[in-house]
Each structure stands twice: as C-alpha cells, then as structure tokens.
Amino acid sequence: MNNIIDILYERGFIENTTHDKELSRYLEDENVTCYIGFDPTASSLHVGSLVPLMSLAYMQKHGYRPIALIGGGTGLVGDPSGKTETRQLLNSEIIEENICGIKEQISRFIDFSEGKAILLNNADWLSQLRYIPFLRDIGRHFSVNRMIKAESYKMRLKAEEGLNFIEFNYMLLQSYDFLKLFDKYGCRLQLGGSDQWGNIVAGIDLVRRMRHETTFGIILPLITTSSGEKMGKTAKGSVWLDSKRTKPNLYYQYWINTDDRDVARFLALFTFLPMVEIKKIEKLSGADLNSAKTVLAFEATLIAHGDKEALKAYHSAQSNFVPRPVPKEILPSSSIPRNGMEREDISAYMNATLPPIRAEIKGRVVDLKTEIMADSTPCTYINEDQLKAGIPAFKLYHMVGLANSGSASRRLIAQGGAYLNGKRLELFDYLITDSDVDNMEILLRAGKKRFHKLKVKNNN
RNA sequence: GGUGGGGUUCCCGAGUGGUCAAAGGGAACAGACUGUAAAUCUGUCGGCGAAGCCUUCGGAGGUUCAAAUCCUCCCCCCACCA
C-alpha cells in the first residue's frame, strides 16, 4: 500500500486513468511532477474544488512535486466543459482579484516552501501568444472532427445555448499548458475532474505529437452527495473556502450535516486520517455516526481554516446543540478534543479563573481556555438604550439576518420557528427589551440550526 | 444577411386583455417525527407594523377604464437556411 495509485484508489480519488501500466511504472520514479489547473472564475474556491486540492496534497505527502496552475489566461476564455450555458466573460481585473484569493487558499492545502510545490499562472505564457504562430504550431495538431466528438463539447453542441468560438479554443489552450509544463518542469501527469477528460487527453496527444513523449492523466470523480447533489452547493449558495465568504463555523456545520451514507467516503477524501480507522466507521450506524460527523467537520475545518477556527467551531456547536463527546475509540488519530469538555464545563471555565488548559493540537500547544471563550456563533452588538426602548421581535430577526425580510420574519415567528433564549416566541411583535438579556447577551434562534447572539453594549 | 421560435418570480414551466402577486413541479424555509442525517406528513414561499397599499413577467415608449397578455422601437438567446 505504498503505491500512490493504490492510496488514491482506496480513498476514492480516482475515477479513471490513462495508460494504467505505464502510469504505475512512472509513479515508482521519485521525480514525479504533476499538475492541476484551477479556474479563477470566482474570488474563492469552494468545497467542489476540495477533491483536486486534496489529491494534490496527497501527491505532495507522497514526496512528489505538485504544480497548482491558476488559469489566469484560460480564465479569460472560459471553459465550456460540462457547462450547459455560456459562461460570462470575466474581465482581467476581476480575474486578477480572484487569483489573489485562490492562491491563499491553495497554500493551506499545499506546502509551497523550499520548492516543494510550484504555483503558476498560465497567463504568464498564454497572454504572450501570437495568433498566427499559435495556429500554425499548435492548432494544426487539432482535428475539428475529433474535437466536436468530445463529450465536453457534445453537450453544448446539442444544447439550446450553443457553443461559441472562443470557448471552442479552450481545449487548445489547456493542451498548450500541459506542453509548457512538460517542457519547463518535466511534468508528465495532469489530474482533473471528469469534465476535464477531453482537455487532458488533448494535452497528452499534443505532447506526444510534438515531443514524442508519453504523458499521463488521472481523472478525479465528480463527488455528489448521496442525495444526488453536487458537493458544496446549498440553497444559500456555494460553501466557499474563503473564511470571509463562508464563516468557519458554517463550514463546520456544512460537514456536520453530511448525509449518513457519505460519512466514511468523505472522511477518506477530505481528511488525512488513516484508512484503517475510517474503515471502522463504515460499521457504525444510526446516531453513532454523529461522532464520526463531528470528527469529519473538525478535521475538514482544521485543514481549511486552521486549528483555532476548528476549535472555535467545535465549541460553539457543542454549546448551541446538545453536546456530544467524541469517544476515544472513534478515529483515534484525530486531534479533536475528547476530554469531555461539554456545555457545563464550558460555562464553568468561563466563570472560573483557572490556569490555562493546555492541549496539543497538530503538534502545537494551545490554550484551550481561550479557545472556549472565543465562541464563533455569529453575533451583533446592540446599544443598551436601543434595547431599553424595546424592539419588536420580527424587526430584530430581520435586522440580525436570521430572516431576509420583515415578512419572512413574521412568517418564521408565526410558524413557531423563532426562539428567544431557548423559548419559543409566540407573537411576531413581542417587544424584546433589556429584561430578556441574560448574562449580557440574548440568544436568538431560527429553526433548529441557525443561531445568532445579540450582545449588549454599554453606551459609554 | 433571410426565415421561424423564444426571454415569466430562486430554477423549470403554464398563462395570450380584467377572476393575476401570476397554475403545476423542483428547490428552499418552518412545524411534527428524529440523531444538527435520511424518509414521510402538514404549512409557508415578492415587499410593507399588513386594513389596505406598493413593486414584479428582457428594456423603453404607446393603446385601453384595465396590460405578463395588444401595438411600436430596441436588446439578448435558439433553430434552420445562406
């Protein structure tokens, strides 16, 4: 089990590969360089990009050199693969901005220090291209007959939207990237989602035709949840990796809400926990799985946002919901706290002036006490005066963002979905005043899972 | 360039002068049941301190007591032909 291919297969990262035998042989070599492209179509990557990111991370763990290629050039063109609609063309300033955000996120997953990995932007070579030489050197290797048979284009050729010429060129540009990376970095392996099959194969062909060398492709699966949805899409939009766009505690909640059937699969894909331990999870059923979900959420948040945020999210979940300690025997390699520090303990710590509680997380010693205090439930500050005058409940829910409009807020309360300090609100215009304040704050809740804290601020 | 078909609320999609804040489905939200899961059942699903009023059917004008619906111009998409 020390072959990377076996590891990736076992964890569920491989849907398909080109030249199976040669690829395994190639991967026995130590100097493997592989790459994945990331489109800068948004200022942040989202959960849907985790499979590529994690696969690169595993490659790196295995001692290979990964290249993360940001599509600053191809982003200007727009990849039609797997899209049913034409993408909006993005202008270069937006793309530049997006690249900044994405770079930072990639570096949470991959270590770029000391040449262990390379971060590149294909705008560096694509934007220099001259049309006629490109057509003559690269374009002549592409058969339109073959291109229109590619699955990625077929869909669009059939669709009502059609396919315009700029997008049709995307395949050439991505192939050219592979050629460039092969020439400059000796990169022989490209990974990509199943929608990238056509583009990857085209790149392999181009290198073979122009350099008479063999290169390889690994196709990563498009992960869908067991209920059939794409990863990372919720009604509220995507689950972003950027902590400004998706707060770490919501990111944590996203993983907590994982479907029972997906827990083991997701632990394998989205954490670094050993497979031996994950296999044991598969045997769990019913409510026992919730501990595994807690670990999944903790580990995933740890990777994306760091230990501090993971702890904060863990503790606010433990205090807002029914606390659920994670038994020692479940996924023992996880650094999730297990010392039974639950709701009562948390408030005890809040009030007591105990010496710091040391815990070791990811090899670093942190003071658990400060982490506990730092609750990551979203909160809003309110003036004492404002509260003394009183605010109708439905206004407050709207104000704080638990409802999108006054009407929605009224509905929420009328349907019995609004709770004030744990007690159900009966009247939509119940006047919330300072008498509802408990320990300098008011806990608002909408439905089962959405919380918001209102903290009282003195005027002085 | 020609001909034809389209653009409706978060998405799909019905609606061709008043009964339209607009059928139906999906998504979503809330309640019940639960385990912060899934399934199921029930309710809600433009905005407004809610009586009533205001804004919405690609955009701008117009006809009419009355326009998503009729007319004019414009923008965008698709198919076929060139």
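Every chain is numbered from 1 and lettered A, B, ... according to where its sequence line falls, protein lines coming before strand lines.
- Annotation: B:G2 and B:A14 have their P atoms spaced 29 Å apart (nearest Å).
- Spacing between atom OH of A:Y397 and atom C1' of B:C29 amounts to 14 Å, rounded to whole angstrom units.
- Side chains of A:R261 and A:S227: no donor on one and acceptor on the other come within 3.5 Å.
- Contacts between residues 399-409 of chain A and RNA chain B, defined by a heavy-atom separation below 4.0 Å, involve A:S405, A:G406, A:S407, listed by number.
- Computed from coordinates, the A:R450 CZ to B:C29 C1' distance equals 8 Å when rounded to whole Å.
- Atom C1' of B:C10 sits at a distance of 8 Å from the matching atom of B:A28, rounded to the whole Å.
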Could you go through residues 408-420 of chain A and list every donor-acceptor pair under 3.5 Å that involves a side-chain atom there, pairing it with any protein atom two or more places apart or in another chain?
| from | atom 1 | to | atom 2 | distance (Å) |
| --- | --- | --- | --- | --- |
| A:S409 | OG | A:F394 | O | 2.8 |
| A:Y419 | OH | A:R424 | NH2 | 3.2 |

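- To the nearest whole angstrom, the two C1' atoms, one in B:U56 and one in B:A67, are 13 Å apart.
- Judged by Watson-Crick or G-U wobble contacts below 3.5 Å, the nucleotide B:C73 has B:G59 as its partner.
- Taking a pair to require two hydrogen-bonding distances under 3.5 Å in either a Watson-Crick or a G-U wobble arrangement, B:A22 remains unpaired.
- Using atom C1' as the reference point in both B:C12 and B:C65, the two lie 36 Å apart (nearest Å).
- Of the C1' atoms belonging to B:U9 and B:A21, the separation is 9 Å, rounded to the nearest Å.
- Base pairing of B:U16: no nucleotide in any strand meets the Watson-Crick or G-U wobble criterion (both distances under 3.5 Å).
- Of the listed nucleotides (B:A32, B:G49, B:C45), B:G49 has the atom at the smallest distance from the side chain of A:R410.
- Comparing B:A79 with B:C74, their C1' atoms sit 23 Å apart, to the nearest whole Å.
- Residues A:N122 and A:T74 have side chains that bring a donor and an acceptor to within less than 3.5 angstrom of each other.
- Comparing the same atom, P, in B:U55 and in B:A68 gives a spacing of 12 Å after rounding to whole Å.
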What does the B/S/- profile of nucleotides 34-43 of chain B look like, 5' to 3', with a 4.0 Å heavy-atom cutoff to protein? BBBBS----B
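- Rounded to whole Å, the distance from CZ on A:R411 to P on B:C45 is 6 Å.
- Among the atoms of the strands shown, only primed sugar atoms or phosphate atoms (P, OP1, OP2) are found under 4.0 Å from some heavy atom of A:Y419.
- By the side-chain hydrogen bond (donor to acceptor under 3.5 Å, both in side chains) test, A:S291 pairs with no residue at all, sequence neighbours left out.
- Comparing the same atom, P, in B:C78 and in B:U8 gives a spacing of 15 Å after rounding to whole Å.
- A:D177 and A:Q174 share no side-chain donor-acceptor pair at under 3.5 Å.
- Applying the salt bridge (Lys or Arg N to Asp or Glu O under 4.0 Å) rule to pairs touching residues 48-62 of chain A yields nothing, sequence neighbours excluded.
- With values rounded to the nearest 0.5 angstrom, A:N199 atom CG is found 10.0 Å from A:L173 atom CG.
- The nucleotide whose nearest atom lies closest to any side-chain atom of A:R424 is, among B:G49, B:C45, B:G31, B:G31.
- A donor and an acceptor atom, one from each side chain of A:D436 and A:Y430, are located under 3.5 Å apart.
- Applying the Watson-Crick and G-U wobble criteria (two distances, each under 3.5 Å), B:U3 pairs with B:A79.
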Return a table of donor-acceptor pairs under 3.5 angstrom between the side chains of residues 48-60 of chain A and protein atoms on other chains or two or more places apart.
| from | atom 1 | to | atom 2 | distance (Å) |
| --- | --- | --- | --- | --- |
| A:S55 | OG | A:V51 | O | 3.3 |
| A:S55 | OG | A:P52 | O | 2.8 |
| A:Y58 | OH | A:R11 | NE | 2.9 |
| A:Y58 | OH | A:R11 | NH1 | 3.3 |
| A:Y58 | OH | A:R11 | NH2 | 3.1 |
| A:Y58 | OH | A:T271 | O | 2.9 |
| A:Q60 | OE1 | A:D111 | N | 2.9 |
| A:Q60 | NE2 | A:D111 | O | 2.8 |
| A:Q60 | NE2 | A:K116 | O | 3.2 |

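- Nucleotide B:A51 is matched to nothing when pairs are restricted to Watson-Crick or G-U wobble geometry with both distances under 3.5 angstrom.
- With no hydrogens or angles considered, a side-chain donor-acceptor pair links A:S226 and A:D262 at under 3.5 Å.
- Separating the CZ atom of A:F428 from the C1' atom of B:G31 is a distance of 19 Å, rounded to the nearest angstrom.
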